[in-house]
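First comes the structure, then the notes that go with it.
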Number of protein chains: 2
Amino acid sequence: MASQARPLTKKEIREENEKLILEAAEKVFAEAGFGGATVQLIADMAGLPKANLHYYFPTKEALYRQVVQNIFHDWLKAADIFDEAPGPIEGLGAYIDAKLEISRRHPAGSKVWASEVMHRAPVIQDYLETTLVEWTDGRMAVIQRWIDAGLMDPIDPRHLLYMLWATTQHYADFGHQIETLNNGRPLSDRQWRDVKESVKTIILKGIGARPAQ
Amino acid sequence: MASQARPLTKKEIREENEKLILEAAEKVFAEAGFGGATVQLIADMAGLPKANLHYYFPTKEALYRQVVQNIFHDWLKAADIFDEAPGPIEGLGAYIDAKLEISRRHPAGSKVWASEVMHRAPVIQDYLETTLVEWTDGRMAVIQRWIDAGLMDPIDPRHLLYMLWATTQHYADFGHQIETLNNGRPLSDRQWRDVKESVKTIILKGIGARPAQ
DNA sequence: AATTTTCTTGACCGGTTGGTCAGGTTGTGG
DNA sequence: CCACAACCTGACCAACCGGTCAAGAAAATT
């Protein structure tokens, strides 16, 4: 029965425990908010004593900050598709798919982000003012190029971006409401496919997207 | 200087204080979440001693419940426009305008609702299962009738409703992010007009809305 | 004017929370 | 094998929080 347990290296221990803590923290922060979350609950969910958690993350706020930063970086990564696309149909279509997939697979992260922004971004305001502003400007430029090339109607790129964020993240942030309106059941594979289809159809038609070439 | 202060009736005192408390509570709950909000802070913001607040609302949860219920009723009221409209252009257009106006004038309420739903609706789950389900079914029927009458494309009414909620409430819930991306300034009258225009344009074109008759 | 009901509030309390710490255990590098 | 550094944790604490209460002030009722 006893597995041949090679002793873990310090590095492995550290990586493993930090991962356990961060995963547990994301869930607890998402379900209870920063104020409602307790370090004890995060520790229990990670399977560690509270004091051990404080060994890796000195304060509740430091842990929270790390959780939010990880989410933010995941999101930025998911948007590279944007730049390589020949036009809005491919670019926006793939972006909508990617963001809806994140909402499906990673809803807790989306909720933590939403909560942070709703509370006036006390810990990531600097990121909003630097990284997010740059990222948004870059993407707006891409959309403007598509407009100039006659590939879509002259929509204000900013409002289009907000609509994309709103619509895709809604399925994570308001997942509980959507589930309740779906007879208490989570959306099926088929329903998620329909969501992607509906969102892409409405938005791409709504902005008058035309195939490149 | 001294105003001729007629002594307030008990009824006036009660109404005035409950209003002060509810307004303060909505702001504090929106900014800090249920868990992060403290009764003391709400009392301070309302200009009353904490013990006095507990005289009107026995527990923090009872106060919170009242705040959420008020928001919910405001929202339902704002959607009567839907039924009287001859087609999607008038009905959805007016609904988008109304919901964006609420996001602008009443962002705290929207945030409290979002927070409540994100935390799995611990205090208004029964409302979701009854009132919200009925309301949604009714509105979906209206949209389906428009589709059957050839006034718009055959879009799944459910996903259309979610998109309307997501897009309009986004401007309240993520108002801080939007403000940051707007050089730290709140949206101007002109910008709010552009928002309404963009959202209506994209969605109405996106669903292929045609004028009734 | 007397009595009752409603409103007000400083002081207080038990429970919880984030965080500390001393002393122990375990892997690591020489 | 030894000395050191990294990791672990039960016990503890000060601060804070939601809620209570008793005693008084103000309005309503008679």
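To find a chain, count down the sequence lines: A is the first, B the second, and so on, and within it residues start at 1.
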Counting only side-chain heavy atoms from C-beta out, which of [options] sits nearest to [X]?
{"X": "A:Ala51", "options": "C:dT8, D:dG18, C:dC21", "value": "C:dC21"}
{"X": "B:His54", "options": "D:dA28, D:dT20, C:dT8", "value": "D:dT20"}
{"X": "B:Thr38", "options": "D:dC17, D:dG10, C:dT28", "value": "D:dC17"}
{"X": "A:Arg14", "options": "C:dT8, C:dT9, D:dA6", "value": "D:dA6"}

Quiz item: Of A:Lys11 and B:Pro58, whose nearest nucleotide on DNA chain D comes first from the 5' end?
Solution: A:Lys11
Specify the separation, in whole Å, of atom [atom1] of [X] and atom [atom2] of [N].
{"X": "B:Tyr64", "N": "D:dG18", "atom1": "OH", "atom2": "P", "result": "15 Å"}
{"X": "A:Gln40", "N": "C:dG15", "atom1": "CD", "atom2": "P", "result": "17 Å"}
{"X": "B:Leu53", "N": "D:dG19", "atom1": "CG", "atom2": "C1'", "result": "11 Å"}
{"X": "B:Asn17", "N": "C:dC7", "atom1": "CG", "atom2": "P", "result": "9 Å"}
{"X": "B:Leu48", "N": "C:dC7", "atom1": "CG", "atom2": "C1'", "result": "11 Å"}
{"X": "B:Glu61", "N": "D:dC17", "atom1": "CD", "atom2": "C1'", "result": "15 Å"}
{"X": "B:Ile13", "N": "D:dA26", "atom1": "CD1", "atom2": "P", "result": "11 Å"}
{"X": "B:Phe57", "N": "C:dT8", "atom1": "CZ", "atom2": "P", "result": "13 Å"}

Exercise. Kindly indicate whether the side chain of A:Lys60 and the base of C:dG19 share any N or O donor-acceptor pair separated by less than 3.5 Å?
Key: no
Exercise. Could you tell me whether A:Ala37 contacts a base, only the sugar-phosphate backbone, or nothing, with contacts defined as non-hydrogen atoms closer than 4.0 Å?
Key: sugar-phosphate
Exercise. Select base, sugar-phosphate, or nothing to describe what A:Ala62 touches, counting heavy atoms under 4.0 Å on all strands.
Key: nothing
Looking only at side-chain N and O atoms, does [X] come under 4.0 Å of OP1 or OP2 in [N]?
{"X": "A:Tyr56", "N": "D:dC8", "result": "yes"}
{"X": "B:Tyr55", "N": "C:dC7", "result": "yes"}
{"X": "B:Asn52", "N": "C:dG10", "result": "no"}

Just say parallel, tilted or perpendicular for the rings of [X] and [Y], cut-offs at 30° and 60°.
{"X": "A:Phe174", "Y": "A:His170", "value": "parallel"}
{"X": "A:Tyr127", "Y": "A:Phe72", "value": "perpendicular"}
{"X": "B:Trp135", "Y": "B:Phe82", "value": "perpendicular"}

Quiz item: Where is the tightest heavy-atom contact between A:Pro186 and A:Gln191, given as atom of each residue plus distance?
Solution: O-OE1, 4.0 Å
